[in-house]
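First comes the structure, then the notes that go with it.
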2 protein chains.
Amino acid sequence: MACENETAVVLREAGQKVTPQRVHILCEVRHAGVHITASRLIDELRVSHPFIDASTVYRTLASAADLGLVYETDMGSGESEFEWVGKDRHHHLICRSCGDVESLDNSYLDGMATLLYEEAGFQADLGHFAIFGVCKGCQTKA
Amino acid sequence: MACENETAVVLREAGQKVTPQRVHILCEVRHAGVHITASRLIDELRVSHPFIDASTVYRTLASAADLGLVYETDMGSGESEFEWVGKDRHHHLICRSCGDVESLDNSYLDGMATLLYEEAGFQADLGHFAIFGVCKGCQTKA
DNA sequence: GCTGCAGTTGCAACGACTCGCATTTGCAAC
DNA sequence: GTTGCAAATGCGAGTCGTTGCAACTGCAGC
Ligand SMILES: [Mn+2]
Ligand SMILES: [Mn+2]
Ligand SMILES: [Zn+2]
Ligand SMILES: [Zn+2]
């Protein structure tokens, strides 16, 4: 986990106090690479930093989501999943039939964002959507 | 609440047993007109039907959502909000600044659904989205 | 370095939601 | 209308996540 200094800078720029708890929690999210639930995060943190309270983890994730540092998304598992906001903005297509999860480039939703701005004056923040439906493979099977 | 018979028919058509609990719960959702949380629903049911257990309410809402009878949406309040699936398919624009909630006609997302089908073969089910952002009024203030 | 204080944390109590299991019930077949 | 059974309910126990509060700490100013 070599992202500690970088994470501290990001926190400071966002106007947050840099506490060891926050740095550890957010580094763990970054290190996870992909989506991670709060409870799995707590389990993994317990190994390296057993003193961090669960409520601190939840609060840190919530404020990081507010600040746009992480995405919080309901991928249908019942638990929110978190993901560090990196350079590759994307969404997900989730098949209700086989459960397959695919990534979708941001560009598909850009058109809608433009339309919303032009017609409704609403500046949409299309962060990280989970779009449910039926994938190509499962349609042909039916 | 004159929707009891109609609700019973909908339940039967969906292959569910028609129990008084389910009918009362779903009628209450229909009667609410707009989005309602599970806990508020439980409070309101306690008045007219004090014998219905909370777990039955949660189970009924979950299965109704699976069957497509109600929408379950995170509108940002922390609790899921439920809404009877009527004739007017719509989504919502929610302002992060002033909290205003506007309805958005389905047609705005239809274009994206078509694009997804043509380019990825994915049959998206764009039920009832909550799109966060900044409304027109709050932009001019900034 | 100290000091002061707003912001953060841990803890414990609480509310929201889920789950297993024994009992009851809708409903289809006779 | 009786019977049989799968499905639904109620209850209790348990898990997940939130919140109020007292103690603590990062950090800006001196
Ligand atoms: Mn993702
Ligand atoms: Mn709605
Ligand atoms: Zn599939
Ligand atoms: Zn606004």
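Labels below follow one simple rule: chain letters A, B, ... track the order of the sequence lines, proteins then strands, and each chain is numbered from 1. Remember, predicted model here, so these are calculated numbers, not experimental data. When reading the values below, keep in mind they use all heavy atoms of this one structure, side chains included, and skip hydrogens, waters and symmetry mates.
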Touch class at under 4.0 angstrom, heavy-atom based, for A:Thr19 against every strand present: sugar-phosphate
Touch class at under 4.0 angstrom, heavy-atom based, for A:Arg22 against every strand present: sugar-phosphate
Base-pairing mate for D:dG20 - Watson-Crick or G-U, with both contacts under 3.5 Å: C:dC11
To the nearest Å, how far apart are [X] [atom1] and [N] [atom2]?
X	N	atom1	atom2	result
B:Leu61	C:dC17	CG	C1'	12 Å
A:Ile25	C:dT8	CD1	C1'	11 Å
B:Asp53	D:dG12	CG	C1'	10 Å
B:Leu67	D:dA7	CG	P	14 Å
B:His24	D:dT9	NE2	C1'	15 Å
B:Asp66	C:dT18	CG	P	12 Å
A:Leu45	C:dT9	CG	C1'	15 Å
A:Gln16	D:dA28	CD	C1'	17 Å

Enclosure of B:Phe132 CZ (heavy-atom neighbours >12, cutoff 6.0 Å): yes
Along DNA chain C (nearest heavy atom to each residue), the more 5'-positioned of B:Ala54 and B:Val18: B:Ala54
Residue whose nearest DNA chain C nucleotide is more 5′ - B:Glu79 or A:Ser55: A:Ser55
Please state whether the phosphate of [N], meaning OP1 or OP2, lies under 4.0 angstrom from any side-chain nitrogen or oxygen of [X].
X	N	answer
A:Gln21	D:dT25	no
B:Tyr58	C:dT18	no
B:Arg12	C:dC27	yes
A:Thr56	C:dG10	yes

Closest-nucleotide 5' rank along DNA chain D - winner of B:Phe51 and A:Ser39: B:Phe51
Distance-only donor-acceptor test (3.5 Å): side chain A:Arg59, base C:dG10: yes
Mutual orientation of the aromatic rings belonging to B:His90 and B:His35 [parallel < 30°, tilted 30-60°, perpendicular > 60°]: parallel
salt_bridge(A:Glu79, A:Arg40) N-O dist < 4.0 Å: no
Check: A:Glu102/A:His92 side-chain N/O donor and acceptor closer than 3.5 Å: no
Residue pair A:His91 / A:Asn106, side-chain donor-acceptor N/O under 3.5 Å: yes
